J.: 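Below is the structure I would like to discuss, written out as structure tokens.
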There are 2 protein chains.
Amino acid sequence: MRDAKRILEEKDISPSLQRVIILKYLQEHPNHPTVEDVYHDLIDDIPTLSKTTIYNTLKLFTQKGIVYQLAVPGNEAHYDYSEGYHAHLLCEECGGIFDIESDISLNIENDLEGHLILGIEVIYRGICRNCRKE
Amino acid sequence: MRDAKRILEEKDISPSLQRVIILKYLQEHPNHPTVEDVYHDLIDDIPTLSKTTIYNTLKLFTQKGIVYQLAVPGNEAHYDYSEGYHAHLLCEECGGIFDIESDISLNIENDLEGHLILGIEVIYRGICRNCRKE
DNA sequence: TTGACTTTTATAATGATTACAAAAATGTAG
DNA sequence: CTACATTTTTGTAATCATTATAAAAGTCAA
């Protein structure tokens, strides 16, 4: 796992206590946490932590391309820090989000119908293996 | 364009005035309208129309698989009725959503790592051709 | 140590969506 | 046609995530 402080410095973000802790949290919790998740899990470590800080920090990280906001319609935003590319499965039963080792070596052309393409996101919708058993 | 009333009946939805008009609107406006868009454009035709009705109706349509909610993180939900599959480009400059004629004949296997796959959504992020010119 | 600047924090405001209960519309049995 | 049950729509209030704002705290250099 890459050093959080170094990642921030490379992106010209001053590595404040809160920012480093939030980034470390995202690195250690690749389960697509929400702002609420981050807050709930860190408030014991930093009792002064404010939700606004988490919002601000995650917005900053997103703009800098360190994390990205997962598109889940109609709900809170989920955040994903990950070094390798992967797709996601959205379970329609339990609402869970699962990583999919997508082999879609998507023909990401820079130019697609005149648009400049910077990234791609693949979302599968279905029933996850856990809900399927029931 | 398929008959709206028939589509509803096939899905066991009683074709009330509002439902038919909302579905027709979605058919005729494939530009991924929001609830606000639908309301704004239909309130002149049906002065009694309530936003709640649009929310309820679109939720119903989504559950029945007639339309689907487009995943745009951090904003209102956009709705899409379309007969053929296509991907979407999200412009990071203007926020616009563009259809992409995706040739991804994605290997939609029913089973992917144990999950049951029902659908797939591909979202490109980038700069649209209009913003690019500037 | 002072002052400028950045970061964090708490509170209030906004905006989308949902809950709820009443009103209107529709369907059905007598 | 009428009375009653059910469905659908509507308006209002409530909820929930997110953003705006301004004060407080922290950082850093002269």
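Every chain is numbered from 1, with letters handed out A, B, ... down the list of sequences. The structure displayed is predicted, hence computed values, not measured ones.
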J.: Determine whether B/Y79 and B/T62 make a side-chain contact, defined as any pair of heavy atoms from C-beta on separated by less than 4.5 Å.
T.: yes
J.: From CD1 of A/I54 over to C1' of C/dT9, roughly how many Å is that when rounded to an integer?
T.: 12 Å
J.: For the pair made of NZ in B/K59 and P in C/dT17, what is the distance, rounded to whole Å?
T.: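 The distance from NZ of B/K59 to P of C/dT17 comes to 10 Å, rounded to the nearest Å.
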J.: Salt bridge between A/R132 and B/D111, side-chain N to carboxylate O under 4.0 Å?
T.: yes
J.: Give, for atom CG of B/D37 and atom CG of B/N31, the distance between the pair rounded to the nearest 0.5 Å.
T.: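 Result: 7.0 Å between the selected atoms.
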J.: Rounded to whole angstroms, how far apart are OH on A/Y39 and C1' on C/dT9?
T.: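 Atom OH in A/Y39 sits about 11 Å away from atom C1' in C/dT9.
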J.: Can you check side-chain hydrogen bond (donor to acceptor under 3.5 Å, both in side chains) on B/D80 and B/H86, steps first, answer last?
T.: CA-CA 11 Å; B/D80 195 2; B/H86 56 264; 3.2 Å; yes
J.: If each of B/S16 and A/V35 is mapped to the nucleotide of DNA chain D with the nearest heavy atom, which maps nearer the 5' terminus, i.e. the 5' end?
T.: B/S16
J.: Distance check needed: C/dA13 P versus A/Y55 OH, whole Å only.
T.: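 Taking atom P of C/dA13 as the reference, OH of A/Y55 is at 18 Å.
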J.: Measure CG/A/L60 against P/D/dT19 and give the value in whole Å, please.
T.: 13 Å
J.: Between B/E36 (CD) and C/dA16 (C1'), how many Å, whole number?
T.: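 Rounded to the whole Å, the gap is 10 Å.
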J.: To the nearest angstrom, how far is A/H40 atom NE2 from D/dA17 atom C1'?
T.: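 It works out to 18 Å between those atoms.
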J.: Salt bridge or not between B/R125 and A/E121? Use side-chain N to carboxylate O under 4.0 Å.
T.: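 Answer for the salt bridge query: yes.
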J.: Under 3.5 Å, which N/O atoms of the protein pair with N/O atoms of nucleotides 10-16 of chain D?
T.:
from: D/dT10; atom 1: OP1; to: B/Q18; atom 2: NE2; distance (Å): 3.3
from: D/dT10; atom 1: OP1; to: B/T48; atom 2: O; distance (Å): 3.1
from: D/dT10; atom 1: OP1; to: B/T48; atom 2: OG1; distance (Å): 2.8
from: D/dT10; atom 1: OP2; to: B/S50; atom 2: N; distance (Å): 3.4
from: D/dT10; atom 1: OP2; to: B/T53; atom 2: OG1; distance (Å): 2.8
from: D/dT10; atom 1: O5'; to: B/T48; atom 2: O; distance (Å): 3.1
from: D/dG11; atom 1: O6; to: B/T52; atom 2: OG1; distance (Å): 3.4
from: D/dT12; atom 1: O4; to: B/T52; atom 2: OG1; distance (Å): 3.4

J.: Round to a whole Å and report the spacing from CG of B/L58 to C1' of C/dT18.
T.: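 It is 14 Å, rounded to the nearest whole Å.
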J.: Looking at the rings of B/F98 and A/H115, which for Trp means the six-membered one, are their centres under 6.0 Å apart?
T.: yes
